*Asks:* 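Shown below is the structure under consideration.
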Amino acid sequence: MTDIPDASASIKTPRTTCAVVGGGPAGLVLGLLLARAGVQVTVLEKHVDFLRDFRGDTVHPTTLAMLDDLGLFERFEALPQTHMKHIAFPTPDGQRVRVADLGRLPLRHPYIAMVPQWDLLNLLAEEGNTEMAFTLRTEHEVTGVVRNGERVVGIDYQSPDGPGRLLADLVVACDGRWSAVRRAVGLPTKEFPVDFDTWWYRVPTSGPMPESLLPRLGKRRGIIAIPREDYAQVAYMGRKGTDAQLRARGIEALREDTAFLAPELADQVSNIASMDDIKHLDVRMDRLRRWHAPGVLCIGDAAHAMSPVGGMGINLAVQDALAAARLLARPLARGALARSKGERFLARVQRRRTFPTVVVQALQRFMHARILAPVLKGEMIEPPRRLLSLVRRVPILTALPAAVIGIGPRPEKVPAWARRSPRQGDSVRP
């Protein structure tokens, strides 16, 4: 964190209206929308590209509707993807019982699209680059914030050309749970205990998988198999702090666990080459008590780190970005964020998005306590029988969890000024 000593020191320093830190879904959505409002926006991404495996690849119905309204759905639909329409638990008699059914909801796109996140990010970045007000700088790692008194007025970064500085009326942290901006500003945080971690890996499949999420529970462990085009993306869940033990057990033990928990993958687990292919996620859950300070706002995982349970974190982050763009575009355009009372506009974003954040985190914590914790303690090795019996008798109940996971509380809409029709010549899936 550095200070601007006087006005003359910043004359030649590059300036933008809004500096967005982090080129993930929230950062690129926010950048694109603000640019369409004519707000000068610069997105800084520390990596050279978006090509990183086992990022959240879920694109929820609300995000699909957003892509529709932005005029990007046809191009998105042309990307390689699979669709997940249900969440189903297996039963002892070999059947699958749906506990969430997106097909029962009145949606434009009643499914969750499973798309490599780098494809979605590339699409958003390409569209952003068509806007005069949009700038994307890759290989720019933010190292701290710049202050003028108590106010954040920009960021410092490291790039291939060396250290640099960018001044801005507003800095928005979209750089995830380990946010450099969040650390630099020191906003107060509420932590929630989480007693499990997740390990991600791929299991190739020789045939099509069902269009459903497949949770599997066993003694002291569980997995979720997510259907993809030619493989299953597997999330293996175990007790927190056991990464070293899992790796010490070796690849054969993990293959055996996978085959036991997901028999449909048993013939393919030998293709998990080594423990180097197993990516560990240190699961954490927290929420900032205050998402903003003078000149800076946190959204997405930078404001509220989410559990991977339900895959709802990405949808929540995108909805944060939509709300922030709608509430901040006009104040940014007229320079209100640079003035002393500009923080009140940032408070509006937090007020708008706190309720859905609290609801989703409460649901995740409930699922941790009632399902995952007993499994990891060895107390439960089957899905809740009462729940399965109830949804079998009253299938319409599967719409409720589908709405929570697929839509989420308080979904946001694309502002009218950001909407576009598909461009002529955009590719469409045949």
Side-chain angles (χ1 to χ4, degrees), residues 1 18-34 41-47 50 52 55-56 63 117 121 124 136-137 140-147 152 154-157 166 168 170-192 194 281-308 311-325 327-328 337 343 345-358 360-361 364 408 412:
M1 176 174 62
C18 182
V20 177
V21 181
L28 287 175
V29 167
L30 178 60
L32 173 59
L33 267 65
L34 289 179
V41 58
T42 301
V43 180
L44 299 101
E45 165 58 42
K46 69 179 180 179
H47 297 97
F50 305 117
R52 284 172 298 288
R55 300 181 72 152
T63 305
Q117 192 176 100
L121 298 179
L124 293 169
L136 172 63
R137 296 186 183 180
H140 280 60
E141 181 173 3
V142 171
T143 56
V145 299
V146 182
R147 291 183 183 272
V152 173
I155 49 89
D156 286 322
Y157 61 82
L166 179 66
L170 175 66
V171 173
V172 182
C174 302
D175 49 342
R177 61 190 62 204
W178 309 113
S179 170
V181 174
R182 170 172 158 168
R183 290 197 307 272
V185 178
L187 294 170
T189 306
K190 181 176 183 178
E191 300 272 354
F192 300 100
V194 178
L281 173 65
D282 180 10
V283 178
R284 61 180 296 186
M285 181 183 290
D286 63 33
R287 183 169 70 243
L288 292 181
R289 298 180 186 275
R290 191 174 72 252
W291 298 17
H292 55 88
V296 64
L297 171 70
C298 296
I299 63 172
D301 268 11
H304 43 72
M306 309 298 290
S307 163
M312 295 178 279
I314 297 169
N315 188 48
L316 199 65
V318 170
Q319 300 302 303
D320 285 357
L322 282 169
L327 294 171
L328 299 180
L337 270 296
E343 197 176 355
F345 298 105
L346 308 181
R348 291 175 185 172
V349 178
Q350 179 175 355
R351 285 197 298 270
R352 174 72 186 178
R353 297 304 302 163
T354 293
F355 170 73
T357 301
V358 170
V360 170
Q361 288 187 330
Q364 290 185 327
E412 306 288 344

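All values derive from a computational prediction rather than experimental measurement. Excluded from the calculations below are hydrogen atoms, water molecules and symmetry mates; all remaining heavy atoms, backbone and side chain alike, are included.
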*Asks:* Quick check: closest heavy atoms across I314 and P25, and the distance to 0.1 Å?
*Replies:* CG2-CG, 4.2 Å

*Asks:* Flag the pair C298 / H292 as yes when at least one side-chain heavy-atom distance between them is below 4.5 Å, and no otherwise.
*Replies:* no

*Asks:* Please check this pair: side chain of D320 against backbone of I299, looking for a donor-acceptor N/O pair closer than 3.5 Å.
*Replies:* no

*Asks:* Show the nearest heavy-atom pair for residues A302 and L288, with the distance to one decimal.
*Replies:* O-CD1, 3.6 Å

*Asks:* Closer than 3.5 angstrom, by distance alone: can the side chain of E45 be matched with the main-chain N or O of F50 as a donor-acceptor pair?
*Replies:* no

*Asks:* Is there a side-chain contact between L316 and P356 in this structure, where contact means two heavy atoms from C-beta onward sitting under 4.5 Å apart?
*Replies:* yes

*Asks:* Quick check for you: to the nearest 0.5 Å, what is the distance between C174 atom SG and D301 atom CG?
*Replies:* 10.5 Å

*Asks:* Quick check against the 3.5 Å criterion: does Q364 have a side-chain atom that pairs as donor or acceptor with the backbone of S307?
*Replies:* yes

*Asks:* Within the structure provided, determine whether R284 and V194 are in side-chain contact (heavy-atom separation under 4.5 Å).
*Replies:* no

*Asks:* Would you say the side chain of M285 lies within less than 4.5 Å of the side chain of M306, judging by non-hydrogen atoms?
*Replies:* no

*Asks:* Which distance, rounded to the nearest 0.5 Å, do you find between the CG of L30 and the CG of L322?
*Replies:* 9.0 Å

*Asks:* Using the salt bridge (charged side-chain N to carboxylate O under 4.0 Å, His left out) criterion, which residues pair with R182? Sequence neighbours excluded.
*Replies:* D286

*Asks:* For the CE atom of M312 and the CD atom of Q319, what is their distance to the nearest 0.5 Å?
*Replies:* 13.5 Å

*Asks:* Answer whether the closest heavy-atom distance between the side chains of L346 and L327 falls below 4.5 Å.
*Replies:* no

*Asks:* Taking the side chain as everything from C-beta on, heavy atoms only, tell me whether V296 gets closer than 4.5 Å to W291.
*Replies:* no

*Asks:* Within the structure provided, determine whether V171 and V20 are in side-chain contact (heavy-atom separation under 4.5 Å).
*Replies:* no

*Asks:* Could you measure the distance from the OG1 atom of T189 to the NE2 atom of H304? Nearest 0.5 Å is fine.
*Replies:* 12.5 Å

*Asks:* Which residues pass the side chain to side chain donor-acceptor pair (under 3.5 Å) test with Q361, sequence neighbours left out?
*Replies:* R287

*Asks:* Quick one: are C18 and V172 in side-chain contact, heavy atoms under 4.5 Å?
*Replies:* yes

*Asks:* To the nearest 0.5 Å, tell me how far D175 CG sits from K46 NZ.
*Replies:* 8.0 Å

*Asks:* Atom CG in L166, atom CG in D156: separation rounded to 0.5 Å?
*Replies:* 10.0 Å

